[in-house]
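Every value quoted in this text rests on a predicted model; they were computed, and no experiment measured them. One-based numbering along the sequence shown.
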Amino acid sequence: MRKTLSTLALTTAAALVLASCGSGSEETPAADDVAETSGVTTLQVGASPVPHAEILEFVDEELAENAGLDLDIVTFDDYVLPNTALAEGELDANYFQHLPYFESQVEEQGYEFDHFEGVHIEPLGIYSEKLESLDDVPDGGTVGITNDPGNQARALDLLEANDLITLEDTGDALPTLLDVAENPKNLDLIETAPEQLVRALPDVDLAIINGNFALEADLNPAEDSLVLESGEDNPYANFLAFRSEDKDSEALATLDELLHSADVKAFIEERWPNGEVLPAF
């Protein structure tokens, strides 16, 4: 079962938003209150709609029952609420983030989280509605770039890999806009919330868009991007995250095993055959 939380509800406290996800007057139970019934464990898992929730739905429909699981999938349209909901006990796990973003949020917010290994990679892409090639980028061109630290560093690396900027050596620290060393085309790098970059695309020369938001907007990363990040040795695999106190949960371990199964790998490769989403195992 899938429920959806919209970023339009960001003005409401996260706990109230989550409580309103049930149908009618029913309230969604906190994850800690979900009981095991008839040998089946229900897990509430937060996810981005595409591809994360689609992958979880495949697991729920095809694999979970035989493994003694039932997945209650709650979808989120942003990158903030899934971790808030997990920390507050409204979810058992979430599946939407990669390691650099996870680490930045744990450090900034003080979350006591842990995670399993990566399941899939969504290659980051550079998109344009105005240009046919990066060779056409004008002097003073505008570039929409995410404002979240983990993905901003990733976007900057992609710009550097395509000779549009150079970055200072930041060692183990993630580069930010302040670390742009050379900008030969005087590009105007405009920070935007990651979920808004698709909407900003008509107003900029280039936009660097996360794979999940591109897919949700019916952009095909393999066909519609000017440049697509390589999947080889890519450190941005998305994984199942959970509260550290639940590290010994057999149900969560079972879900992770299912997410790393041959069936899921085959589903990803069949559902996104052009490399829009790549298995990370």
Side-chain angles (χ1 to χ4, degrees), residues 7 10 14 46-52 75-87 91 93-127 143-162 164-165 167-180 189-198 200 206-216 221 225 227-244 277-278 280:
T7 51
L10 282 173
S48 296
V50 182
H52 310 76
T75 59
F76 294 82
D77 295 329
D78 79 312
Y79 289 159
V80 177
L81 286 177
N83 279 335
T84 301
L86 181 59
L91 301 172
N94 65 42
Y95 175 38
F96 79 100
Q97 60 193 319
H98 53 60
L99 186 60
Y101 183 79
F102 174 91
E103 290 180 335
S104 70
Q105 291 299 294
V106 167
E107 181 178 355
E108 291 176 13
Q109 304 298 331
Y111 293 136
E112 295 184 3
F113 288 172
D114 208 333
H115 65 88
F116 292 108
E117 295 300 313
V119 176
H120 78 270
I121 297 164
E122 303 154 35
L124 192 68
I126 302 178
Y127 298 82
V143 181
I145 187 169
T146 182
N147 62 4
D148 84 69
N151 284 303
Q152 184 172 106
R154 184 182 184 187
L156 290 169
D157 286 340
L158 188 58
L159 289 174
E160 183 177 48
N162 287 278
L164 290 173
I165 63 170
L167 297 169
E168 300 284 359
D169 183 359
T170 59
D172 294 332
L174 296 176
T176 71
L177 293 180
L178 298 176
D179 298 308
V180 175
L189 304 178
I190 303 170
E191 289 187 285
T192 305
E195 64 273 16
Q196 298 297 325
L197 282 166
V198 170
L206 302 173
I208 308 170
I209 303 173
N210 285 63
N212 63 303
F213 292 125
L215 290 167
E216 288 173 36
S225 65
V227 172
L228 194 63
E229 187 181 57
S230 171
E232 187 174 351
D233 297 323
N234 191 308
Y236 296 103
N238 286 206
F239 47 62
L240 196 68
F242 53 91
R243 291 182 299 278
S244 299
V277 179
L278 301 167

* **E191 CD to D148 CG distance, which is reported to the nearest 0.5 Å** => 10.0 Å
* Asked: Taking C-beta and beyond as the side chain, do P235 and L99 meet within less than 4.5 Å on heavy atoms?
  -> no
* **Shortest non-hydrogen separation from T146 to Q152 and the atoms involved** => O-NE2, 2.8 Å
* Which heavy atom in G231 sits nearest to a heavy atom in L278, and how many Å separate them? -> CA-CD1, 3.7 Å
* Structure fact -> Here the gap from F96 atom CZ to D78 atom CG, rounded to the nearest 0.5 Å, amounts to 8.0 Å
* Structure fact -> Sorted by chain and residue number, the side-chain contact (heavy atoms from CB on, under 4.5 Å) partners of A161 (sequence neighbours excluded) come out as none
* With sequence neighbours left out, write down each residue that passes side-chain contact (heavy atoms from CB on, under 4.5 Å) with L206, or none if nothing qualifies. => I126, S128, L131, L134, V137, V143, L164, L226
* Asked: Got a second to check how far N234's CG is from H98's NE2, nearest 0.5 Å?
  -> 9.0 Å
* Nearest non-hydrogen partners of N147 and P194, listed with the distance -> OD1-CD, 3.5 Å
* CD/E112 to CG/L86 distance, rounded to the nearest 0.5 angstrom? -> 11.5 Å
* Structure fact -> In this structure, OH of Y236 is separated from CD of Q97 (nearest 0.5 Å) by 14.0 Å
* To do: Return the minimal non-hydrogen interatomic distance between L174 and A153, and the atom names on each side.
  => CB-CB, 3.8 Å
* Could you list all the side chain to side chain donor-acceptor pair (under 3.5 Å) pairs where at least one residue sits in residues 101-110, not counting sequence neighbours? => none
* L159 versus V180: any side-chain heavy-atom pair under 4.5 Å? -> no
* To do: Identify, with sequence neighbours excluded, every residue that meets side-chain contact (heavy atoms from CB on, under 4.5 Å) alongside A155.
  => L124, I145, I208
* T75 and S48, any side-chain heavy atoms less than 4.5 Å apart -> no
* Could you tell me whether the side chain of L197 reaches within less than 4.5 Å of the side chain of F213, counting heavy atoms only? => no
* Just wondering, do N151 and N210 contact through their side chains at under 4.5 Å, heavy atoms? -> yes
Please list every donor-acceptor pair under 3.5 Å in which a side-chain atom of residues 113-120 meets a protein atom from a residue at least two apart or in another chain.
| from | atom 1 | to | atom 2 | distance (Å) |
| --- | --- | --- | --- | --- |
| H120 | ND1 | Y95 | OH | 2.6 |
| H120 | NE2 | E122 | OE2 | 2.7 |

* side-chain contact (heavy atoms from CB on, under 4.5 Å) evaluation trace for F76 with T84 -> CA-CA 11 Å; F76 294 82; T84 301; over 6 Å; no
* Asked: P49 versus D77: any side-chain heavy-atom pair under 4.5 Å?
  -> yes
* Asked: Side chains of Y127 and P221: does their closest heavy-atom pair fall under 4.5 Å?
  -> yes
* Structure fact -> Taken to the nearest 0.5 Å, the spacing of L189 CG from I165 CD1 works out to 6.5 Å
* **Closest non-hydrogen atom pair between L215 and P51, with its separation** => CD1-CD, 4.4 Å
* Compare every heavy atom of H52 with every heavy atom of N212, then report the nearest pair and how far apart it is. => CB-CE1, 4.2 Å
* Hey, could you give me each pair passing salt bridge (Lys or Arg N to Asp or Glu O under 4.0 Å) that has a residue in residues 230-239? Not counting sequence neighbours. => none
